[in-house]
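Shown next, in structure tokens, is the structure this report addresses.
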Amino acid sequence: MAIDIYLSQEKIQSRILELAQEINKDYADKSLHIIGILNGAFMFTADLVRHLTMPVTLEFMSASSYGDGTVSTGELKINLDIKSDIRSKHVLIVEDIVDTGLTLTVLKKNLGNRKPASLKLASFLFKPARLEHKVDIDYLAFEIEDHFVIGYGLDYAGRYRELPYVGIYRPEGDA
Ligand code: IMP
């Protein structure tokens with residue numbers, strides 16, 4: 001299996017700094033409650049929060065709409081919920097990728113029902129070619145072409161999450 005580098009570590013880190021500066025400006029006089037979506041967004045969440053300057057609280061949540069392959073099952077399952085009450089808090093969801101948009105559509109609705117003061121979304125990647133459910137992304141690091149990508153938190157069958165860059169996954173035999 002060959003991995004073509006699609007987004008280098010340097011490119012990712014400098015873009016995340018830009019995004020964090022935008023978030024710092026928008027929430028300058030507020031506290032922010034971050035909800036990172038496991039497993040894919042663990043690295044993006046960790047790198048993003050390092051640059052934030054307002055008071056931050058942080059939790060993780062896990063929801064999935066994918067099986068072990070590269071095709072969505074079309075279903076969303078909440079595997080791990082947050083423990084805190086987000087009512088009246090400024091909440092920022094941090095996700096790895098918006099693909100069909102199903103995960104975030106359902107998650108935003110679920111969290112919105114808990115009556116936060118505001119609810120915004122930061123996504124590391126967005127694949128517009130595959131979008132089926134329109135989602136507003138408030139802070140986006142990169143828009144990408146229609147490739148199955150791995151690394152920087154993103155997996156194929158549980159592997160490659162540890163890579164510090166994003167690569168294109170090409171299965172064996174695919175030139
Ligand atoms: P959506 O519900 O179709 O938007 O899918 C979102 C989830 O699918 C993400 O949180 C990822 O876990 C997974 N996913 C979508 N595209 C990719 C990809 O290119 N590489 C790895 N995981 C992906």
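Counting starts at 1 for both ligands and their atoms, in listed order. What you see is a predicted model; the values in this text were computed from it and never measured.
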Practice prompt. Return yes if some donor-acceptor pair links the side-chain N/O of Arg15 with the main-chain N/O of Ala141 below 3.5 Å, else return no.
Written response: yes
Item to complete: May I ask you to check if ligand 1 and Val149 share an N or O to N or O distance below 3.5 Å?
Response: yes
Worksheet item: Would you say Gly101 contacts ligand 1, with heavy atoms under 4.0 Å as the rule?
Response: yes
Worksheet item: Is the backbone of Ala46 close enough, under 3.5 Å, to the side chain of Arg50 for a donor and an acceptor to pair up by distance?
Response: yes
Worksheet entry | Heavy-atom donor-acceptor pair, Asp138 side chain to Leu119 backbone, under 3.5 Å | no
Worksheet entry | Residues Met61, Leu38; criterion side chain to side chain contact (heavy atoms under 4.5 Å, CB included); working and verdict | CA-CA 6 Å; Met61 190 167 168; Leu38 294 173; over 6 Å; no
Fill in: Min heavy-atom dist Asp96 to ligand 1 below 4.0 Å
yes
Discussion item. Between Glu95 and Ala122 (side chain of the first, backbone of the second, donor and acceptor by atom type, cut-off under 3.5 Å), is there such a pair?
Written reply: no
Discussion item. Is His133 close enough to touch ligand 1? Criterion: a residue heavy atom under 4.0 Å from a ligand atom.
Written reply: no
Worksheet entry | Residue part near ligand 1, for Leu154, under 4.0 Å between non-hydrogen atoms | side chain
Worksheet item: By number and element, which atoms of ligand 1 are closer than 4.0 Å to a non-hydrogen atom of Thr103?
Response: 1 (P), 2 (O), 5 (O), 6 (C)
Discussion item. Assess whether a salt bridge exists between Asp136 and Lys134, defined as any Lys/Arg side-chain N lying under 4.0 Å from an Asp/Glu carboxylate O.
Written reply: yes
Item to complete: Using a strict cut-off of 4.0 Å, indicate which atoms of ligand 1 neighbour a heavy atom of Glu95.
Response: 10 (O)
Worksheet entry | Heavy-atom neighbours of Lys11 NZ exceed 12 at 6.0 Å | no
Worksheet item: Going by the atom numbers of ligand 1, which of them fall below 4.0 Å from some non-hydrogen atom of Asp155?
Response: 21 (C)
Fill in: Heteroatom distance test (Val98, ligand 1): nitrogen or oxygen, under 3.5 angstrom
no
Response to the item:
If we number the atoms of ligand 1 from 1 as shown, the ones under 4.0 Å from a heavy atom of His147 are 19 (O)
